[in-house]
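Worksheet: the structure to be examined is printed underneath.
Note that the coordinates shown come from a computational prediction; the quantities given were computed from them, not determined experimentally. Residue numbering restarts at 1 for every chain, and letters A, B, ... go by the order of the sequence lines.
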Amino acid sequence: MNKLKIYNTLSGKKEEFKPILKDHVGMYVCGPTVYSDVHIGNVRTFLSFDIVYRYLKFLGYSVRYVRNITDVGHLLNDEDSGEDKIGKQAKLMNLEPMEVVQHYTNGFHDVMKAFNITPPSIEPSATGHLIEQIEMVQEIINNGFAYEAGGSVYFDVEKYHDKFHYGKLSGRKIEDLISNTRDLDGQSEKRNPLDFAIWKKADESHIMRWNSPWGEGFPGWHLECTVMSTKYLGDTFDIHGGGMDLKFPHHECEIAQSKGGGKSEPANYWMHTNMLTMNGAKMSKSVGNVVSIEQLGSGDHPLLEKGFSEMVIRFFMMQSHYSSTLDLSSSAIAAAEKGFEKLMTAMETLKSLSTSDSSSVDVNTLVEKFATAMDDDFNTPILIAHLFDGVKMINSINGEKETISKSDLELLQNNMNSYVWNVLGLKPEESKGTKDELTEELMSLFIRLRKEAKDNKNYSLADEIRNKLTSLSITLKDTKDGTSWEKE
RNA sequence: GGUCUCGUGGCCGAGCGGCUAGGCAGUGGUCUGCAAAACCAUCUACAGCGGUUCGAAUCCGCUCGAGACCUCCA
């Protein structure tokens, strides 16, 4: 049944997915550095891997999904004077670093929940794995691929490259890297500017520090992912994911650390999600073109005409493939919003379709297309296109232009429900506005009065009721089964 | 400067050698007292110039344009 193909960055090709163990999959995704609010670009990455996680489970795999929290070691830049991101924020906010970590971790979890992104099986944090990281550093030194200098420990890239291949993931040539970094080389204690820190000495101003064989310091950023992924998933696991911008140097360094530390190739499949752009440029904290989750929800941003719900944005993002860049614009999300509503309406209709003795529609073929789309490297835009074929089918049956048998209806319902709710992880919008009991009573009164007026051909009164409600941003919908209402 | 990716109809976005997704908008209908909503139908493409091929949006080359990575970023 399972012909799932995944684009593997390591080989540069789409490959058939073969897990190490028959029914189990180990997946590691680089999580956020919790020093500021997550933005909508972060959401895209975690959403993409949520689809991967959900689909693997849908296929029947038992998946162990590890996604870390980076709470130490992530420097503002790669120079020796680089400040730790968490530490800097802690000073700015006058807080204990762990308060900063907790604050933004909570925020991250709230956002993930709002977007219906499934929590991982294990969410380890870097500070919780200091012992393992120190052991790993020692192991790499013992193997001769790292050296101590002035209280810090650096990974010896050239020495590693003599035996292994530094650049195999990112396709970089070590000669180019050397020539590109030569001019940046200052009074560094590194033997080679390419070398990266796996343990950093903490200077006096540094508040996050731990004892180690090399003195007080803190672990290098790349190290935590190597340690935590292999600790929970084994030396070699199935899928390693992250944003495209982590491919180099972060993931390249992870491979080097694993092998330099005497372990095997860390992951069989490397998956990289592409960036979300805003006005054609990557949305990032350093560029400053970041749209926050709150701004997207409220529409309070110069580039947004209105606010959008999390589910609409989820749907919008899944209309493009994870490996393509996606440009965010108000009109594009608004278009997705209409489409999303159309899909949700059809899902509601699907619940109560009436059946016939035979089917005039071909449910089997449609349902097969759902699986084919997802098997082709999680192609959600194709899946959504086929789901809209399903929408058309549902509406035609509802309009009595087509018929469906009882067994076909069950097949259609099961599959539409599975793919829309479980695989894509969508959920119906909670009704906006205040639909409390009093409002419901009042509205049904208005609707009844208007109907009476209409029955008496008193259209001016009927229209007055409707216009007044419209001015209160309440929309009446006349259908053959009566009138319903909606508050904007 | 080096490495790489991409340019698809009014907009967003699939496609990866032949059968020209899908959504939104537009247009024409159905329904309706009229609307709205809903539904049905339908029109606009493959940056440009060459080449390979019986056949190219899809492969190759060049030109123009956009972006990413090489430094923190999902």
Requested in this report: Just call it for L276(A): base, sugar-phosphate, or nothing, with non-hydrogen atoms closer than 4.0 Å on any strand.
Outcome: base
Query - Rounded distance (Å) that lies between atom P of C70(B) and atom CZ of F196(A) - result: 15 Å
Report task. Give the nucleotide from the list A74(B), G13(B), C69(B) with an atom nearest to the side chain of R172(A). Result -> C69(B)
Query raised in the report: How is L476(A) classified with respect to the nucleic acid when contacts are heavy atoms under 4.0 Å: base, sugar-phosphate, or nothing?
Result: base
Requested in this report: Using a 4.0 Å heavy-atom cut-off across all strands, classify G399(A) as base, sugar-phosphate, or nothing.
Outcome: nothing
Report task. State which of C12(B), C70(B), A74(B) makes the closest approach to the side chain of F316(A). Result -> C12(B)
Requested in this report: Test Y269(A) against F17(A) for ring-ring contact (aromatic ring centres under 6.0 Å, His included), laying out the working first.
Outcome: CA-CA 8 Å; Y269(A) 301 86; F17(A) 178 63; 5.1 Å; yes
Query raised in the report: Should the pair R191(A)-D156(A) be classified as a salt bridge under the 4.0 Å nitrogen-to-oxygen rule?
Result: yes
Report task. Rounded to whole angstrom, note down the P distance from G22(B) over to G2(B). Result -> 43 Å
Report task. Tell me which of S170(A) and A462(A) sits closer to the 5' end of RNA chain B, going by the nucleotide each one is nearest to. Result -> S170(A)
Requested in this report: Could you tell me whether K392(A) and D389(A) have a side-chain N and a carboxylate O separated by less than 4.0 Å?
Outcome: no
Query - Residue list, side-chain contact (heavy atoms from CB on, under 4.5 Å) with A462(A), at least two apart or on another chain - result: R450(A), A453(A), K454(A)
Query - Nearest to side-chain heavy atoms of D478(A), which nucleotide of G33(B), C40(B), A36(B) - result: A36(B)
Query raised in the report: Is any side-chain N or O of R466(A) under 3.5 Å from a base N or O of A35(B), one able to act as donor and the other as acceptor?
Result: yes
Query raised in the report: Contact class for K247(A) (heavy atom, under 4.0 Å): base, sugar-phosphate, or nothing?
Result: nothing
**Report entry** Rounded distance (Å) that lies between atom C1' of C6(B) and atom CG of L326(A)
**Finding:** 14 Å
**Report entry** Who pairs with U52(B) - Watson-Crick or G-U, where each distance is under 3.5 Å
**Finding:** none
Query raised in the report: Taking the six-membered ring for Trp, are the ring centroids of Y160(A) and F155(A) within less than 6.0 Å of each other?
Result: yes
Query raised in the report: Can you tell me how far C1' in G15(B) sits from the matching atom in C6(B), rounded to whole Å?
Result: 14 Å
Query raised in the report: Does a side-chain N-to-carboxylate-O contact under 4.0 Å join D84(A) and R209(A)?
Result: no
Query raised in the report: How far, in whole Å, is G9(B) from A57(B) if one measures between their C1' atoms?
Result: 12 Å
Report summary line: To the nearest angstrom, the CD1-C1' distance between I313(A) and C12(B) comes to 15 Å
Query raised in the report: For the pair made of CE in M244(A) and P in A68(B), what is the distance, rounded to whole Å?
Result: 12 Å
Query - Pair partner, G67(B) [Watson-Crick or wobble, under 3.5 Å] - result: C4(B)
Requested in this report: Kindly indicate whether a cation-pi arrangement holds for R67(A) with F46(A), taking the cut-offs as under 6.0 Å to the six-membered ring centre and within 45° of the axis.
Outcome: yes
Report task. Sticking with atom C1', work out how far U30(B) lies from A47(B), rounded to a whole angstrom. Result -> 41 Å
Requested in this report: Could you grab the distance from atom CG of L56(A) to atom CD1 of I6(A), nearest 0.5 Å is fine?
Outcome: 6.5 Å
Query - Atom-to-atom span, CD1 of I174(A) to C1' of G2(B) - whole angstrom - result: 15 Å
Report summary line: Nucleotide by nucleotide, nucleotides 14-27 of chain B touches protein heavy atoms under 4.0 Å in the pattern (B base, S sugar-phosphate only, - none) SS-----BSBSS--
Requested in this report: Measure from CE on M317(A) to C1' on G13(B) and round the result to the nearest Å.
Outcome: 15 Å
Report task. Using both distances under 3.5 Å as the test, list the Watson-Crick or G-U wobble partner of A37(B), or none. Result -> none
Report task. Take atom C1' in C43(B) and the same atom in U52(B), then report the distance between them in whole Å. Result -> 34 Å
Requested in this report: Just name whichever nucleotide pairs with C24(B), Watson-Crick or G-U, keeping both distances under 3.5 Å, else none.
Outcome: G10(B)
Report task. Please measure how far the P atom in A36(B) lies from the corresponding atom in G29(B), and state the result in whole Å. Result -> 13 Å
Report task. Would you mind telling me which of C70(B), G33(B), A74(B) lies closest to the side-chain atoms of L177(A)? Result -> C70(B)
Query raised in the report: What integer number of Å spans the C1' atoms of A25(B) and G18(B)?
Result: 31 Å
Query - Pairwise 5' ranking along RNA chain B for N395(A) and T45(A), keeping only the more 5' one - result: N395(A)
Requested in this report: Could you tell me the separation between the NZ atom of K85(A) and the C1' atom of A74(B), rounded to a whole number of Å?
Outcome: 11 Å
Query raised in the report: Hey, is K306(A) close enough to E337(A) for a salt bridge, meaning N to O under 4.0 Å?
Result: yes
Query raised in the report: From A74(B), G33(B), G13(B), pick the nucleotide closest to the side chain of F46(A)?
Result: A74(B)
Report task. Establish, yes or no, whether a centroid distance under 6.0 Å links the rings of H222(A) and H251(A). Result -> no
Query - Rounded interatomic separation in angstrom, taking CE from M275(A) and P from C6(B) - result: 16 Å
Requested in this report: In whole angstrom, give me the gap between the C1' atoms of C46(B) and G65(B).
Outcome: 16 Å
